[in-house]
There are 2 protein chains.
Amino acid sequence: MNQSGMRRDPRPPPTDPPSLAERIRLEMDAFTPSEKRAAHLLLSHYPFAGLDTVAEFASRAGISAPSVLRFVTRLGFGGFPDFQKHLREELEAQLLSPLAKASPSDKGHGATALTSFAEAVIGNLRATVENIAPAEFEAVVTLLSDPRRHIHFTGGRFTGALGRYAESHFRIVRSNVDFIEGQPALWRDRMIEIGKKDVIVAFDIRRYQEDVTALCETAAKQGATVVLLTDPWLSPIARVARHVLPAHIVAPSNWDSSAGLLLLTEALVAAVTKRLWETAKPRMEAVERLRNEKS
Amino acid sequence: MNQSGMRRDPRPPPTDPPSLAERIRLEMDAFTPSEKRAAHLLLSHYPFAGLDTVAEFASRAGISAPSVLRFVTRLGFGGFPDFQKHLREELEAQLLSPLAKASPSDKGHGATALTSFAEAVIGNLRATVENIAPAEFEAVVTLLSDPRRHIHFTGGRFTGALGRYAESHFRIVRSNVDFIEGQPALWRDRMIEIGKKDVIVAFDIRRYQEDVTALCETAAKQGATVVLLTDPWLSPIARVARHVLPAHIVAPSNWDSSAGLLLLTEALVAAVTKRLWETAKPRMEAVERLRNEKS
DNA sequence: GAAAAGCTGTATCAGAAATTTCAGAACATG
DNA sequence: CATGTTCTGAAATTTCTGATACAGCTTTTC
C-alpha cells in the first residue's frame, strides 16, 4: 500500500493521507483499458462517483459491472462495500479538517511537467486579466454586440485556430460573422466589400505574420474598425487597431501559449451572448433544433 | 450548519438551501422517541451516519431497523436508498461549492465579468491538471513522439479549432501530421488508409458530435489508436479510445470553456517537442528559414 | 502466423440489505 | 383499572446488489 522510498525528505511525513485518488493516479498506467475508464470517472467526480451502486458506476463509466469489481479488487479492497467504506471515511476525515482541503499550491508531490506548465499558464491568465483595461474590454463587447456591424475574424499560422474558434461561437450568437483566411490571395477580392460598418478581429502574436498585418491595414484604410488580440509586445497591427487586448504568452515550452487569448475570446463570447440574449437565445435554440433533426 | 432564525438581515437569503439537517431540527419535537434517537445520531454525525446501512444506523442509534425506516419515511423519502441519495447529493453540492468560489475575494478592485470569468477558468485548469494521471499523459506523449506513427487530429463544431491548433504545431515538430474534418463525406474515402500505425487525436466535449464519434469508431475498428480529449462526462468516443484526457469545462457563460483542453494540447506540444528535440530543432529552423525567404 | 495470455462482457447465483408483517409493550385516557 | 391508541422490535419476505463462472475476443509472444 504505502510505496516505500518515494520521498526522502528529512521531515517525517506528518499528515500524509495517501489519498486513494493519488494512488490511482500513480498506478494509472498499470491499469487495463476498462480499469482506466473506471479510474477516470472516479477521479473526475471524486469521490462521489464511487458512492453509488456498482451498476450505476459501471454504466456511467461505460463498462460492465464485473470490470468495476475487478477495478476495486486491484486497488486492494476486499470488495465493493469495503471500497465505499474507505471513500466515506476519507471524505469524512477530509471534511472534518478544513485544512486538508486547502491544497492551494498543491503539495510538493508529483511536480510533473504538466503541473508546472499549468502553473505558468495560470500565471499568464492572471497577468493578462490584470493588464486589461475594463473599459477597453467593455468597448469591444459593445462593438461586437452591435448587430449592424459585420464581424470578420482572422489570425496567423497558429492563432488562426483561435479566430475559427471565435467565429464558430459568434456565428451562433449573431449574424454577419465570418472567418477570413490570412493568405492575401484569399481575401484580396473580398476587400472591396469591407467598409466602415465592418469590424476585423485579428489574432496575432510574435513572429507577427505579414499577411495578417496587410489584411488589417487594408481594412483599416477602408474605414473598418480593427480589434487586435496580441501579446504584450504588440503586433504591428496595433498601429491601425482601434482596440488592443494583450495577453501574456510565455510558457515553459519552445512555443508560446495562447491560453490568455483563448480566455479573452471566451470572455468576449460570454459577454456578448449575455448582452444579446434576447436575440441570441432563439438563435441558439434554432441551432439546437437543427442539430437534433439532422441526427 | 445553518442556524435558523439567527439572521434578520434585510438582504434576502441569497443561497438558502433548506438543508435536511435544518428540517430535522425544526420537526424534532414532532418525532417519536425512537425517531428522536435516529435524528440525534444523524445530526451529531451529519451526514455520514446516514451513509451506512440501515442495520448499522439502527445499531448505532440504539433502535431497531424498522424504526429507522419509519424515520426516513416520515422525512418524506420513498425509502432508505432515496434518503441516502439525497444525503450524497447534498454533500456533493456542499463540497463542490467551496471549490467554485475558490478565490472569490481576489484583490478588491473591479470584480469585472472578465476577472470572475478568469477565476472560473483558472479553477478549471487546476481541476483538470489534478485529475489527469501523469502516466496517462506520459503515455500520450510517447505515442505522439513516435515518428513512425501517423497522427490525425479531429474535432467537432467548436473543438475542431483546437484540433487545428494542435495540428499547426505538431506539423512543424514532426512529419506525418494532418487534420481531418468531422463531416463523414470528407473522411470516408481517407479511411482506407487508416490502420494500426495511425493515431487519431479527437477533441469532443458535450453535445458530443456524432460524426466525430463515427470517425473514431471507424478508425478504431481498423486498428488505429484513438486518443480522446474530452470533458469529465466523457464523450462516447471513450469507448473506443486507448487514452482519455478529461478537462473541466464549466464556466459562468452560456458556453463551455475549452481552456482546459487548450492547456492539455499545449502541454502535449511542449512535451513532444522536448522529447523529439533532436529532430524537431532542424525542422523548426527550416520552417523559420522558409518564412524569411518568402518575405 | 499460430498459440498463449490477458481482458471484457453476459448470464447467473448467493447473499445481504431494505421492507413488510404482526404481535407485544408502553402509554394515555376515560 | 380497563381499554384503545400509539409505538416498537423480532422475524418473515422481497428486492436488489455485489460477486462469480465462463465464453468470446483482443492482444501479445514466440
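By convention in this document, chain letters (A, B, ...) are assigned in the order of the sequence lines, proteins followed by strands, and residues within each chain are numbered from 1.
- Taking atom CD1 on A/I63 and atom C1' on D/dT26, their separation rounds to 17 Å, with Å as the unit.
- Distances shorter than 4.0 Å separate none of the side-chain N or O atoms of A/S67 from OP1 or OP2 on C/dT8.
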Report task. Verify side chain to side chain contact (heavy atoms under 4.5 Å, CB included) between A/R88 and B/D52, making sure each step is shown before the conclusion. Result -> CA-CA 9 Å; A/R88 281 203 307 269; B/D52 260 304; 2.9 Å; yes
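- Heavy atoms of B/A55 sit under 4.0 angstrom from primed sugar atoms or phosphate atoms, though from no base atom.
- A donor atom on one side chain and an acceptor atom on the other are not found under 3.5 Å apart for B/Y165 and B/T265.
- Within a 6.0 Å radius of NZ in B/K36, other residues, nucleotides and ligands contribute more than 12 heavy atoms.
- Put simply, CZ on B/F57 is 22 Å from P on C/dA16, counting in whole angstrom units.
- Atom CZ of A/R74 and atom P of C/dC7 are 7 Å apart (whole Å).
- Distance from the side chain of A/P33 is smallest for C/dC7 among the nucleotides C/dC7, D/dT8, C/dG9.
- Considering only the side chain of A/P81, D/dG18 comes nearest among C/dA18, D/dG18, C/dT19.
- We find that NZ of B/K36 is positioned 11 Å from P of D/dC7, with the value rounded to whole Å.
- Put simply, CD on A/E56 is 15 Å from P on D/dC16, counting in whole angstrom units.
- A/S34 has a side-chain polar atom (N or O) that falls below the 4.0 Å cut-off from OP1 or OP2 of C/dT8.
- With no hydrogens or angles considered, no side-chain donor-acceptor pair links B/S145 and B/R174 at under 3.5 Å.
- Following rounding to the nearest Å, B/R70 (CZ) and C/dT20 (P) show an atom-to-atom distance of 11 Å.
- The phosphate of C/dT8 has OP1 or OP2 within less than 4.0 Å of a side-chain N or O from A/T32.
- Aromatic ring centres of B/F203 and B/F158: separated by at least 6.0 Å.
- Atom-to-atom, CG of A/D52 to P of C/dA17 comes out at 17 Å; the value is rounded to the nearest Å.
- Rounded to whole Å, the distance from CG on A/L69 to P on C/dC13 is 18 Å.
- Looking at which nucleotide of DNA chain D each of A/G79 and B/K196 is closest to, the 5′-most match is held by A/G79.
- Each of C/dG9, D/dA10, C/dA18 was ranked by its minimum atom distance to the side chain of B/P66; first place goes to D/dA10.
- With D/dA19, C/dA17, D/dA11 as the choices, the nucleotide that has an atom nearest any side-chain atom of A/F80 turns out to be D/dA19.
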